[in-house]
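Fair warning: this is a prediction, and the values are worked out from it, not measured in the lab.
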Amino acid sequence: MSTVSDLCQSALEDLGVLGSAETMESGDLQTCFKSLNQLMDQWASERLTIYTITRTTWTIVSGTGGYTVGTGGTVNRARPTYIQHVNFIDTSPAPDVEIQLAPLTDDEWSRVSLKALTSTLPTSWYYNPTYPTGTLELWPVPTSSTLQGAIYAPTAATQFAATSTSVSLPPGYERMIVKNLALEVAAKFGAVPSPGIIQAAADAMATIKRANIRESDLGFDSALIRKGNSSYAAFLAGNL
């Protein structure tokens, strides 16, 4: 398994700054390390460089519609740039029942005139990626005391803690990192990337993005379909 130092060494070898038998000086290693973490920070905001979706649960408090999402927030996980799905889990039946809610766009949320409207169960959700924690709104504000929430959101690879850190990522990521890191640090070392390195960096990035495309259901205009948990509410009311 490669370390961060190994990836930096490979990047400088690709640039011709180092020979295969040479070792980086500590200052050069720190320069590469800083640039690598800047790349990781950028890729954390790009959907197709993120390879995993994480399910995170939290307790929905009766009468509370707003929740913070991020490290130390109500939903304690890395702050997501976007959310794939938000569900509620009703723990009153056995086994629990998990129901998907309908997402609201910025425009749809702005048109909700009664944002404090309450109901036993929510039907929709709206996410505002505020910082340092995001803000999630459930609507109508649920009053049931037997609910949990479940967020499905991307979890990006984090920045590396040290140059000795082992790199454990899916296939293809090490090559993408090395080739793109070479482009990132070229000017700092007075090097000009060869056309081959430029093409290799683009190809490696494209491969990762193709691998991270996920299948999804065909979407429809929300005005044309029943939204949220209406069928579940009808089921609980004995109307189905």
Side-chain angles (χ1 to χ4, degrees), residues 41 44-47 50 52-158 214-240:
D41 179 62
S45 67
E46 298 183 26
R47 295 190 182 194
I50 300 174
T52 186
I53 299 292
T54 303
R55 177 181 183 268
T56 307
T57 61
W58 85 99
T59 298
I60 295 176
V61 178
S62 175
T64 300
Y67 299 90
T68 55
V69 185
T71 304
T74 309
V75 186
N76 190 14
R77 50 148 296 144
R79 169 192 169 274
T81 303
Y82 73 99
I83 293 176
Q84 195 89 353
H85 300 293
V86 176
N87 298 355
F88 76 77
I89 305 164
D90 192 344
T91 61
S92 58
D96 296 347
V97 178
E98 183 168 340
I99 302 295
Q100 190 175 108
L101 300 177
L104 295 175
T105 65
D106 292 337
D107 289 341
E108 288 173 324
W109 179 244
S110 72
R111 289 195 294 266
V112 174
S113 56
L114 296 175
K115 290 183 170 59
L117 180 69
T118 61
S119 178
T120 304
L121 303 171
T123 62
S124 309
W125 61 273
Y126 168 71
Y127 180 64
N128 185 2
T130 51
Y131 189 83
T133 57
T135 304
L136 175 67
E137 301 286 348
L138 302 181
W139 189 85
V141 177
T143 58
S144 172
S145 60
T146 62
L147 302 182
Q148 289 185 324
I151 282 181
Y152 293 77
T155 300
T158 59
R214 305 175 72 90
E215 293 184 1
S216 60
D217 295 335
L218 180 65
F220 293 92
D221 190 307
S222 58
L224 301 178
I225 59 175
R226 295 169 66 184
K227 299 182 69 173
N229 60 7
S230 56
S231 57
Y232 181 61
F235 169 76
L236 293 179
N239 295 326
L240 286 179

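Taking OH from Tyr152 and NE2 from His85, the interatomic distance works out to 8.5 Å, rounded to the nearest 0.5 Å. Rounding to the nearest 0.5 angstrom, the gap separating the CG atom in Leu138 from the CH2 atom in Trp125 is 10.5 Å. Here Ile60 contributes atom CD1 and Thr57 contributes atom OG1; the two are 10.5 Å apart, rounded to the nearest 0.5 Å. If you take OG1 on Thr59 and CG on Leu147, they are separated by 10.0 Å, rounding to the nearest 0.5 Å. For the atom pair CD1 (Ile99) and OG1 (Thr123), the distance works out to 12.5 Å, reported to the nearest 0.5 Å. Taking CD1 of Ile151 as the start and CD1 of Ile53 as the end, the distance is 12.0 Å to the nearest 0.5 Å.
Considering every non-hydrogen atom in both Leu104 and Glu108, the closest pair reads CA-OE1, 3.3 Å. Considering all non-hydrogen atoms of both residues, Tyr127 and Gly134 come closest at OH-CA, 3.5 Å. Closest non-hydrogen pair, Thr81 versus Ser45, comes out as OG1-CA, 4.1 Å. Heavy atoms only, all atoms of each residue included: Asp107 and Ser110 are closest at O-OG, 2.7 Å. When every heavy atom of Pro154 is checked against every heavy atom of Pro80, the shortest pair comes out as O-CB, 4.4 Å.
Taking Thr118 as the reference, nothing meets the side-chain hydrogen bond (donor to acceptor under 3.5 Å, both in side chains) condition, with sequence neighbours excluded. For Arg55, the salt bridge (charged side-chain N to carboxylate O under 4.0 Å, His left out) partners are Glu98, not counting sequence neighbours.
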Set out, in order, the CA-CA distance, both residues' side-chain angles and the distance that settles side-chain hydrogen bond (donor to acceptor under 3.5 Å, both in side chains) for Ser62 and Thr143, then state yes or no. CA-CA 4 Å; Ser62 175; Thr143 58; 5.3 Å; no
Are Leu136 and Val86 close enough, and set up right, to give a side chain to side chain contact (heavy atoms under 4.5 Å, CB included), and what steps lead you there? CA-CA 9 Å; Leu136 175 67; Val86 176; 4.0 Å; yes
Show, in sequence, the C-alpha distance, side-chain angles and deciding distance for Thr146 and Asp90, and conclude whether the side-chain hydrogen bond (donor to acceptor under 3.5 Å, both in side chains) test is met. CA-CA 6 Å; Thr146 62; Asp90 192 344; 3.1 Å; yes
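Between the Thr130 side chain and the Thr133 main chain, a donor and an acceptor come within less than 3.5 Å of each other. No donor-acceptor distance shorter than 3.5 angstrom exists from the side chain of Tyr126 to the backbone of Thr135, with no hydrogens or angles considered. Distance alone, capped at 3.5 Å, is enough to place a donor-acceptor pair between the Arg79 side chain and the Pro129 backbone. Remark: side-chain polar atoms of Trp139 are paired, donor with acceptor, to backbone N or O of Leu114 under 3.5 angstrom. Distance alone, capped at 3.5 Å, is enough to place a donor-acceptor pair between the Lys115 side chain and the Trp109 backbone. A donor-acceptor contact shorter than 3.5 Å links the side chain of Thr68 to the backbone of Thr74.
Here the two rings, on Trp58 and Tyr67, have centers that are under 6.0 Å apart.
Using a 4.5 Å cut-off on side-chain heavy atoms (C-beta onward), Phe88 and Pro122 make contact. Inter-residue side-chain proximity for Thr71 and Arg77 is flagged as unmet; no heavy-atom pair is nearer than 4.5 Å.
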